Amino acid sequence: MSIKKIDYSLYLVTDRSLVPSQKTFLGQIERALEGGVTLVQLREKDTETGSFIQLAFEVKELTRKYGVPLLINDRLDVALAIDAEGVHIGQDDMPLKQARLLLGPKKIIGVSCNTEQEAEIAIRDGADYLGIGAIWFTSTKKNIKTPLGVEGLQRILKSMQEAPIPTVAIGGISAKNACELITGSNTGKIHVDGLAIVSAIMAAEDPKIACQELFQLISSSLSSLGLKLNTTVDDALDFAVEACKKIKSTTPMVHHITNYVVINDNANATLAVGASPIMSTNRQELDQLATVNGAMLLNMGTLNDVDMMILAAQVNARNKNPVVLDPVGCGATTFRKETLARFLNECDLTVIKGNAGEILSMAGLGGKSRGVDSVGENEEQLMVNAVKLLARQNNCVIGLTGPTDYVSDGDRVFAIDNGHAYLPLITGSGCMVSSIVACFAAANKDDYLLATVAGILTVTVASEIAAARDYVNGPGTFRAALIDELYNVSNSPDLIKHYAKLRCIK
Ligand code: 3NM
């Protein structure tokens, strides 16, 4: 094993007290290794030296079998005795400088940090990685005073981004929050390199299954961040082509709660790109639908039962389905403004896709929402600022549609100059874009920004091809041709590459 080239992505920290009855400590570790753990820390707080060394030898035999490094918590003597790959030390353990002197330069030394200052000192003194925590409260460690949260983690990472070393986050991490944590750690320059986990693995009925799920979530989040920092127009277009194919091959169900005016067009557009629409508004089946949905679309056009809409968004988020909100007319009335605030506060939204008026009004940048139509021309910088700001504030992707469409996840911004002038002449064309974005998000969960770009491109390119048909001579014939061309474009997605007028805005 090549020392110091460590994969920190899924880091198991052991705790014997959490092993379920009927299971053994070594058995749980071996199943975790089978499931993809990339690094193991043996953490024993009350074990006598002799027994600790015996146990460490047994764990080392397992980690060696799977080619995974083993670190010992706190006890340098035990690490030396069994020739472990390194140690992990806390702020109250042996100081890093002395530990380095005793272990030499080749051993891994990780240091627990809870503040920017602790991180700075550990980096200065030669730590190989930092364990940053606790992110959230956890019953595994009792004396946590104030958890850092995702913001605290990002703050520490920002403080060290000019001279970074690898980092892992720890404390209260599970499959439920792993993606959110990795994505939220991104400073634009660096992000966390892995997650250190105790109870979600040690207490699992089957650590292999738990680790396979965690590994998949962590690696897809990390790789989408890798993509994130330098996505090009070509990357986005390649993604769009593949994203179309993925909808066709997976036929995700997209649960719409949408408005009276567009419901039929939205269902047909969803079918045309290869997804499966369901338009239920009944509370009694929300839970069950969420277990099969690929995504949820919430459209604020008709607001009959806001509580039901919020429940639907929440249950879909719990089932890891992306939730796309179309904030139709959100600035038009006090009721709509208050309802939007509830969606933003009570739901975990994945994408918000509105017209220029809606998005500018949300961003407080001077937009006037006039019911359902857009306010027209705006300067590009205003649009870019609005989508970036809102994406950061709401930790989601923002899509703004208009003569030029803008999409941002807070870091990357794309502009789309496609779309025919007939689009705003048919009612609900913006709602149709949101439906299609939900279809793309449903089948392409690895990068919601690119899924949103792909969805908008599909509709706007289809609109140009539809308008060029010789029998199309107004909004009525255009509306039918648009559904046809959504079908054709999604079956021949290279058309997107051919027609796309996509720009990446730095
Ligand atoms: N160290 P779980 S939190 C061992 O903040 C440990 O440094 C922490 O356990 C720190 O994954 C923690 O079960 C316990 O939440 C993490």
Side-chain angles (χ1 to χ4, degrees), residues 8-20 23 25 28-29 31-32 35-47 52 59 70-75 78 86-94 96 99 108-119 121-123 127-157 160 165-182 185 192-205 207 210-211 213-215 217-218:
Y8 289 95
S9 54
L10 179 53
Y11 184 173
L12 167 64
V13 180
T14 68
D15 185 331
R16 273 203 277 175
S17 70
L18 296 174
V19 175
K23 309 277 179 187
F25 179 63
Q28 292 292 92
I29 296 176
R31 290 295 282 172
V37 155
T38 59
L39 182 60
V40 174
Q41 179 192 134
L42 179 59
R43 183 170 180 268
E44 292 287 310
K45 285 299 174 194
D46 303 302
T47 305
F52 196 163
V59 174
L70 173 65
L71 309 184
I72 304 294
N73 181 280
D74 182 12
R75 295 284 300 269
V78 176
V87 292
H88 182 90
I89 54 182
Q91 290 293 324
D92 298 322
D93 298 337
M94 180 183 292
L96 173 56
I108 303 293
I109 305 184
V111 180
S112 295
C113 296
N114 179 257
T115 64
E116 289 99 314
Q117 202 195 9
E118 287 173 359
I121 293 168
I123 294 170
D128 291 298
Y129 76 91
L130 305 182
I132 301 178
I135 306 300
W136 291 293
F137 280 116
T138 168
S139 52
T140 311
K141 191 165 180 167
K142 301 280 186 282
N143 55 352
I144 294 165
K145 287 185 204 101
T146 314
L148 290 166
V150 181
E151 301 78 34
L153 170 64
Q154 201 199 45
R155 200 178 56 240
I156 294 178
L157 290 178
M160 55 184 276
I165 64 171
T167 56
V168 295
I170 187 164
I173 300 170
S174 68
K176 287 204 188 82
N177 52 28
C179 294
E180 167 205 339
L181 180 56
I182 292 174
S185 76
V192 80
D193 295 278
L195 303 183
I197 295 173
V198 188
S199 52
I201 300 176
M202 290 309 295
E205 245 341 274
C211 288
E213 185 188 6
L214 283 162
F215 187 80
L217 292 170
I218 293 169

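Order of appearance sets the numbers: ligands from 1, and atoms from 1 within every ligand. Since this is a predicted model, take the numbers as computed values, not measurements.
Between L42 and L71, the closest side-chain pair of non-hydrogen atoms is not below 4.5 Å. The shortest distance between side-chain heavy atoms of L195 and L10 does not fall below 4.5 Å. Between Y8 and V192 the shortest side-chain heavy-atom distance does not fall below 4.5 Å. Contact of the Y129 side chain with the D193 side chain is not registered, since no non-hydrogen atoms from C-beta on lie closer than 4.5 Å.
Closer than 4.0 angstrom to ligand 1 lie heavy atoms from R43, G133, A134, T138, T140, K141, I170, G171, G172, I197, V198, S199.
Rounded to the nearest 0.5 angstrom, D15 CG and E44 CD are separated by 8.0 Å.
Residues N73 and K45 bring a donor and an acceptor atom of their side chains to less than 3.5 Å of each other.
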